[in-house]
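Report on the following structure.
By convention in this document, chain letters (A, B, ...) are assigned in the order of the sequence lines, proteins followed by strands, and residues within each chain are numbered from 1.
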Amino acid sequence: MALVLRSQKSCTVNPLKMSQPIGGALAFLGIDRCMPMLHGSQGCTAFGLVLFQRHFNEGIPMQTTAMSEVATVMGGLDNIGSAILNIQQRTQPALIGICSTGVTETKGDDVDGYLKNFRAQHPELDSLALVYVSTPDFRGAFQDGWSSACASMVGTLVQGDAWTGAGSRRINVLAGSHLTPADLDEIRDMCAAFGLGATVFPDISGSLDGHVPEEFTPNSLGGTPLEAIAGMGGAELTIALGEQMRPAADALARKTGQAYVLFDRVLGLEATDQLLDCLSRVSGRPVPAKYRRQRSQLVDAMLDAHFFFGGKKIAVGAEPDLLWELGNWVHEMGAVLQTAITTTDSPLLSRIPCAEVLLGDLEDLESGSANCDLLLTHSHGRQASGRLGIPLHRIGIPIFDRLGAAHRGILGYRGAMGLTFDIANLLAGSETENTPASWPLPAESPDACAPAALAE
Amino acid sequence: MLSNKIQDVFSEPGCSKNQGKSEKERKKGCTRALQPGGAAGGCAFDGAKIALQPITDVAHLVHGPIACEGNSWDNRGSRSSGSQLWRTGFTTDITELDVVYGGEKHLFRSIREILEKYDPPAVFVYQTCVPAMVGDDIEAVCKAASQKFGKPVIPVNSPGFVGAKNLGNKLAGEALLDYVIGTEEPEHSTPYDINIIGEYNLSGELWQVKPLLDHLGIRITCCISGDARYHDVAQSHRARAAMMVCSKSMINIARKMEERYSIPFFEGSFYGISDTSESLRQISRLLVGRGAAAELLERTEALIAREEARVWERIGEYTPRLRGKRVLLFTGGVKSWSVVSALQEAGMIVVGTSVKKSTSEDKEKIKEIMGQDAHMIDDMTPREMFSLFRDARADILLSGGRSQFAALKNLMPWVDINQERHHAFNGYEGMVELVRQIDLSLHNPMWQIVRKPAPWDLREVS
């Protein structure tokens, strides 16, 4: 349906895309007592840290191997070792998640090999988990970094026993980077409503949901515990949310022989129906009354809101999985997905209900939105919105000029209902009232019908 | 050569810290070796970008992978009175092909696209780690592009791995000195023209001071780099005097402009009341020394007297509400003591101040203002800060964004006084605003409510 195009420009203007390593780092932040570390120059970490701090309004633990010029040229493997020792001494995390960067990938450091030797030399650190993921800045995007980090964690941290989950009343939820802490809370509540315990992985709802902790901690606080990850093979089923979680789900299936179901959509009436139906079948319990009621509320919201969506032109700039959610949902509500810009490849792109999907930037979004009614993208869309005079709904990462990003979700009937109202209200608020000049005749219309005085 | 440049910047004779060092120590440089696993803060590229990005009408093009620009663009609080082009994020967003084959052609084409689409007076090209490793010669590409397109294309050679932010600030200054300053002549100049160096116009704070200068008939030829236009920077060598703000970042510009163009400068600050007055005096003195009429000094004193009286009166209005409140001041350093007197005037007690980046001179000044038992904090981990608040030894924290959670998560008030802040704190106006913000924060009724435990917690205790 959609033609997938790549920008032909040399210069990216107003980037939509963020880099792989910080996508990986955010996945690590969803693990309890973790210290993410970028193997690169210290700026690589500083930019990501500031970005997350402003998005979540939380202190962000994140470290760097602080590559100097000499280390960059001669190889920086020793920096990894000294960084691990340093972090271990200062903050005692349960896990250090290491992401490579453009700097160290250009040199081609063999980190896996180095870590093997490091392990052998430091048996005292056996209880410290280390996960490495290759995330060069010059390839892919944020979502790819998240995806790879999750697959690496499954590969390293899950215990590879045979599947033992039958009748355990536990399920695994592999969550993509397009989901917010609010979404993760929602899916966990859903599972609980069916009597299912859920291991949400990675779980940024524990660590980055904006709460006031009792104690100060230098590592991530909350998030998936390592023991829970190790025991993921003991769940009845794995549910993967977002196409980006397929590599992790595959890795888990390979390791434990466990089946998985992948939901590429969590937003909307049908998507939520599917999700609840799956939970109902796994648990053998009927869908609880509260969700039947919420479903009915969403249906009513859609009925009330569709007047505002009908025929409206909407431009979306988002990473592939979020674009897939939003593009389909906008289409389902009767609006037209006029412009779709994304950051990286995905098998979903060609199926998005739009003439073209462009791997591009926010300049492309801006030039494709001249006659649109609404922009849907992250906070960096604000300049385009201002210049075009088109309302912007901020969604995705980063949202640094509005509060509460962690508490707004799209998942479940309530997530969809919230988004439906937010967007409908924006569209309603920007409708222009009709004036006497709203319906002019064409300028060159034949004058034969006009009275003589006007025909002059 | 980049390494020569770095050496040159390190041995800066104008730097007061350098003056106390031996030849050998100077050569070693002033950036501490970064500790893997224990480092915080930005890289040299970050520093260079921060220093130059406030030049408003220029296209700032980052040559590197998406991380360098994509993760950080449009996140600075500088303000422009004109062009908004500086807020547009331009990057070559290099791919594996560029890493393998080199990215020079990609860079050249990017420059052309920018000139065709946005027609800026100049393009600044920032080098980053990966193309520096690959060996892309951005100086050569910029030279070729300048010749081909007839527009200045300025290389800023400050890849992240060469050091920390501060070094990048200085390398950015070198780029201006080498390629921009003195390349154009102004239509006219007056004996009342000054440069302000090292002021970034965060939250528009330059405009809190500009009316004072306007009132005295003093013209800002160029502010480097807050709210600057490219042509102003190019013509800034015709100013008669200069003020250097925030000493650590751009001292090389001030000193070399003195060397090359005989523009005398002084190191001053518009942060704090006495500092503002002293800076105004210094500006007038330098200008009179360079040919301005001597009556400028009297007009300056008259303005200072009038404005100081006005500001003390306005701050005094807050004294009844702020008397005895305990403030912990945690900033970059130089700024620490310049606000202490204003806080004291409003009746507050400064219980501690950071001296992490302060010189010994700064520390003396702190003792002078706060007394011998001034609590000077060299460095503090977030955990230590957290416990400081837990023990209720301070009522409010004034700091940069990074340490905000030490206060907020302890249900303690915090006011942002670093780069990312929303409020402007320059000049006389700025001190009133700072005291007003502290008052608003301290007396927000929200604190009482959030500090109350939940009723069931109370019940469970009893």
Side-chain angles (χ1 to χ4, degrees), chain A residues 9-19 21-22 37 40-51 53-54 58-59 63-69 71-73 79-80 82-87 90 101-103 105-107 136-139 141 212-213 216 218 361-363 380 383 400, chain B residues 33-46 61 64-75 84 87-96 98-99 106 109-114 117 129-130 133-134 159-164 381-383 386-387 401-402 405-406 409 411 420:
Chain A
K9 299 187 296 190
S10 284
C11 184
T12 293
V13 183
N14 295 335
L16 171 69
K17 181 168 70 171
M18 297 180 302
S19 71
I22 66 167
M37 174 168 81
S41 97
Q42 69 165 341
C44 304
T45 292
F47 286 139
L49 195 145
V50 169
L51 186 106
Q53 185 163 310
R54 295 181 69 198
E58 291 294 316
Q63 263 304 334
T64 168
T65 54
M67 297 289 287
S68 66
E69 189 168 12
T72 304
V73 177
N79 278 40
I80 299 182
S82 40
I84 292 171
L85 294 172
N86 225 325
I87 292 171
R90 289 158 64 112
T101 63
V103 183
E105 291 279 353
T106 302
K107 168 73 174 54
D137 294 296
F138 43 74
R139 193 197 310 148
V212 180
F216 175 79
D361 55 31
L362 290 175
E363 183 188 53
H380 282 303
Q383 289 190 48
F400 51 76
Chain B
L34 306 171
Q35 193 190 24
C43 58
F45 155 70
D46 192 8
L61 168 61
I66 193 65
C68 307
E69 180 72 352
N71 295 354
S72 73
W73 68 285
D74 193 18
N75 70 349
Q84 295 295 328
R87 287 182 60 196
T88 301
F90 295 103
T91 175
T92 49
D93 184 9
I94 61 169
T95 62
E96 281 162 311
D98 297 304
V99 174
H106 184 166
R109 285 195 303 270
S110 296
I111 296 168
R112 183 173 57 210
E113 280 181 12
I114 291 172
K117 269 193 285 195
C129 299
V130 174
M133 292 170 74
V134 171
F161 55 58
V162 299
T381 65
R383 192 196 295 271
F386 200 83
S387 65
R402 284 205 176 189
F405 302 110
K409 298 289 186 186
L411 309 179
E420 298 90 8

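With a threshold of 4.5 angstrom between heavy atoms, A:I84 does not approach chain B through any atom at all. If you measure heavy-atom distances from B:I111 to chain A, you find no contacts under 4.5 Å at all. Both the backbone and the side chain of B:E96 come within less than 4.5 Å of a heavy atom in chain A. Looking at B:R87, the atoms closer than 4.5 Å to chain A (heavy atoms on both sides) sit in the backbone and in the side chain alike. For chain B, the nearby part of A:Q63 is the side chain; its heavy atoms alone come within less than 4.5 Å. If you measure heavy-atom distances from B:F45 to chain A, the contacts under 4.5 Å come from the side chain alone. Of the two parts of A:E58, the backbone and the side chain both hold a non-hydrogen atom closer than 4.5 Å to a non-hydrogen atom of chain B.
Within the 3.5 Å criterion, the main-chain N or O of A:G40 finds a donor-acceptor partner in the side chain of A:T65. In terms of modelled atom types and a separation under 3.5 Å, the side chain of A:H380 and the main chain of B:D74 share no donor-acceptor contact. Panel note: side chain B:E113, backbone A:S10; a donor-acceptor pair is recorded below 3.5 Å.
Listed here is the closest heavy atom pair of A:P136 and A:E105: CB-CG, 3.6 Å. Between A:M37 and A:I87, the shortest heavy-atom contact is SD-CD1, 3.6 Å. Between B:G160 and B:C129, the closest heavy-atom pair is N-SG, 3.5 Å.
Interface remark: of the candidates A:C44, A:C11, A:P218, A:C11 forms the most heavy-atom pairs closer than 4.5 Å to chain B. Ranking A:V73, A:T101, A:T106 against chain B, the residue ahead of the rest is A:T106, based on heavy-atom pairs under 4.5 Å. Considering only heavy-atom pairs separated by less than 4.5 Å from chain B, the leading option among A:D137, A:D361, A:T12 is A:T12. Among the candidates A:T45, A:T72, A:L85, A:L16, the residue making the largest number of heavy-atom pairs closer than 4.5 Å to chain B is A:T72. With respect to chain A, the highest number of heavy-atom pairs below 4.5 Å among B:G38, B:G64, B:G37 belongs to B:G37. If you tally non-hydrogen atom pairs under 4.5 Å between each of B:S110, B:C43, B:G42, B:S72 and chain A, the highest count goes to B:S110. Highest contact tally toward chain A, considering only B:T92, B:L411, B:V134, B:V99, is held by B:V99 [criterion: heavy-atom pairs under 4.5 Å]. Most heavy-atom pairs under 4.5 Å with chain A: of the set B:G70, B:P65, B:G41, this distinction falls to B:G41. Of the listed residues (A:A46, A:P21, A:P15), the one with the most heavy-atom contacts under 4.5 Å to chain B is A:P15. Interface check for chain A: of the options B:T95, B:I66, B:D98, B:I114, the most heavy-atom pairs under 4.5 Å are formed by B:I66. For the options A:K107, A:M67, A:R139, heavy-atom pairs under 4.5 Å to chain B are most numerous at A:R139.
Between B:I94 and B:V130 there is a side-chain heavy-atom pair separated by less than 4.5 Å. Side-chain atoms of A:F400 and B:N75, non-hydrogen and from C-beta on, never get closer than 4.5 Å to each other.
Side chain to side chain, B:N71 and A:S19 meet the donor-acceptor criterion of an N or O pair below 3.5 Å. A donor-acceptor pair shorter than 3.5 Å cannot be found between the side chains of A:N14 and A:Q383.
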